[in-house]
2 protein chains.
Amino acid sequence: MKMSTKGRYGVRAMVHLAVHYGQGPLPVRKIAEKMDVSAKYLDHLMTALRMAGLIRSIRKAHGGYILARSPKEIRLSEVVKVLEGSVAPVDCVDDAGACHQADFCTARDLWQRMQKAMNNVLESTTLDEMAQGQKMKWNNLI
Amino acid sequence: MKMSTKGRYGVRAMVHLAVHYGQGPLPVRKIAEKMDVSAKYLDHLMTALRMAGLIRSIRKAHGGYILARSPKEIRLSEVVKVLEGSVAPVDCVDDAGACHQADFCTARDLWQRMQKAMNNVLESTTLDEMAQGQKMKWNNLI
DNA sequence: AATTATTCCTATAGTTTTGGTAGAAAGCAG
DNA sequence: CTGCTTTCTACCAAAACTATAGGAATAATT
């Protein structure tokens, strides 16, 4: 039940963009540096986020990425969905046809309840809240 | 964020044992047959469940596996824990040392809330409830 | 027009996890 | 002592994951 680095890195990168929202574009190189991960790898994830319409790119010297919308208007559910796909723990939750026993299976009910619980958390959290929380943590270091 | 076949198969196998609780041992072969999965593979999962103390084996002709405790006393959280490990979506949730930025990371707070939401579902569900639900579904087929 | 810092695209490759197979030994009721 | 079952150890193929590499496109700036 682990999330891959796609989801992990991607969410953290989005929080970085949210923290710097309104301060011009942030290049992948800088984000990767801050996060201490491979910039070349983060490249791919940014491309996925761009194609999903969550971020916009400025392709030139001193360019980079910015959020496509205000951090208040981006829910974590969207970010995770792009990078990890559905948070359904098992395929049959989204698609009953994935298992021919799905209709008579209580396990499926359990997976469904787990998915709802996770979605509830992701749906009720915005990037802005994350960015505020992040700033707080950094301020407390002083 | 998908659960592996370990968790999927394991939970369903445990539900089978719960449904037949009190009716003597159930051999892996029969469980696998009902579930339509490889018996040899299910073998491994049963071994893990046995070593965790959730089931007991009767090793002889017409032997098999039985639940080690009453279905009312086995929570799904235990079953999933044995087969999938922690449901933490990211390692840093259980072990802050997994990432040296953990202490100043809001993403970690998010993963933590997701874990709690999932655990809440798994902790509040017993095998007995699952077995009752399963029997209901089958009865409705008539 | 050249420079520069960046995104963007495509290809490749190493490592780990997953999902399963194989075969034989051990236990024990009948 | 036979038959059915668990139990143990080893092995393996395919898929997914986690990158890495190199170069082309872009456009402001010099």
Side-chain angles (χ1 to χ4, degrees), chain A residues 1-13 16-17 20 24-68 82-86 89-91 98-99, chain B residues 1-13 16-17 20 24-33 35-68 83-86 89-91 98-99:
Chain A
M1 277 298 286
K2 287 287 177 289
M3 187 165 282
S4 74
T5 52
K6 283 184 204 164
R8 298 214 302 274
Y9 293 1
V11 165
R12 286 171 62 202
H16 270 274
L17 289 179
H20 293 92
L26 216 48
V28 170
R29 180 181 47 78
K30 282 214 173 180
I31 302 174
E33 216 166 75
K34 277 270 189 189
M35 288 174 54
D36 195 26
V37 303
S38 150
K40 272 293 193 184
Y41 184 53
L42 195 53
D43 247 16
H44 296 328
L45 312 187
M46 300 309 275
T47 296
L49 290 165
R50 176 180 55 82
M51 296 206 294
L54 291 180
I55 60 179
R56 277 171 39 203
S57 64
I58 290 132
R59 194 191 204 185
K60 59 165 186 177
H62 304 294
Y65 287 98
I66 57 174
L67 293 183
V82 169
L83 298 163
E84 294 282 329
S86 164
V90 175
D91 283 331
C99 172
Chain B
M1 276 299 285
K2 286 288 176 290
M3 187 164 284
S4 73
T5 51
K6 284 184 204 166
R8 298 214 301 273
Y9 293 2
V11 165
R12 285 172 63 202
H16 270 275
L17 290 179
H20 293 91
L26 217 47
V28 170
R29 180 180 48 74
K30 282 214 171 181
I31 303 174
E33 217 166 75
M35 289 174 52
D36 196 27
V37 303
S38 150
K40 272 293 193 183
Y41 183 53
L42 195 54
D43 250 14
H44 295 330
L45 312 186
M46 300 309 275
T47 297
L49 290 165
R50 177 180 54 83
M51 297 207 293
L54 292 180
I55 60 180
R56 278 169 39 202
S57 63
I58 290 130
R59 193 190 203 186
K60 60 166 187 178
H62 305 293
Y65 287 99
I66 56 174
L67 293 183
L83 298 164
E84 293 283 328
S86 165
V90 175
D91 283 332
C99 172

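Lettering of chains follows the sequences in order, A, B, ..., and the numbering in each one begins at 1.
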Can you list the steps and then say if A/Tyr41 with A/Thr5 is a side chain to side chain donor-acceptor pair (under 3.5 Å)? CA-CA 10 Å; A/Tyr41 184 53; A/Thr5 52; 3.0 Å; yes

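Taking only side-chain nitrogens and oxygens, B/Arg29 never comes nearer than 4.0 Å to OP1 or OP2 of D/dC4. Contact between the side-chain N/O atoms of B/Arg50 and the OP1/OP2 oxygens of D/dT7 is found at a separation under 4.0 Å.
When rounded to the nearest whole Å, the span between CG of A/Leu17 and P of C/dT7 equals 11 Å. Rounded to a whole Å, the CG atom of A/Leu45 is 12 Å from the P atom of D/dC17. In this structure, the CD1 atom of A/Ile66 is 14 Å from the C1' atom of C/dT7, given to the nearest Å. Going from atom NE2 of B/His62 over to atom P of D/dT5 covers 6 Å, rounded to whole Å. Distance NZ (B/Lys30) to P (D/dT6): 12 Å, rounded to an integer number of Å. Distance CD (A/Glu33) to C1' (C/dT6): 14 Å, rounded to an integer number of Å. Rounding to whole angstrom units, CD1 of residue A/Ile55 and C1' of C/dT6 are separated by 14 Å. Rounded to whole angstrom, the span from the CG atom of A/Leu26 across to the P atom of C/dA5 amounts to 17 Å.
A/Thr47 comes within 4.0 angstrom of no nucleic acid atom, judged by non-hydrogen atoms across all strands.
Distance check: A/Tyr65 OH to A/Leu42 CG gives 9.0 Å after rounding to the nearest 0.5 Å. Considering CG of B/Asp36 and CZ of B/Arg12, their distance stands at 8.5 Å, rounded to 0.5 Å. In this structure, the separation between OH on A/Tyr9 and CD1 on A/Ile31 is 14.5 Å, given to the nearest 0.5 Å.
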Between protein and nucleotides 14-25 of chain C, map the contacts as a letter string: B base, S sugar-phosphate only, - none, heavy atoms under 4.0 Å, written 5' to 3'. -----BBBBBB-

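Of the residues near DNA chain D, B/Pro27 and A/Ala61, the one whose nearest nucleotide (by heavy atom distance) lies more toward the 5' end is B/Pro27.
Residues A/His16 and A/Leu26 approach most closely at O-CD2, 4.1 Å, considering heavy atoms. When all heavy atoms are compared, the tightest approach of A/Arg50 to A/Ser57 is CD-OG, 3.6 Å. Taking each heavy atom of B/Ala32 and B/Ser38 in turn, the nearest pair found is CB-C, 4.3 Å.
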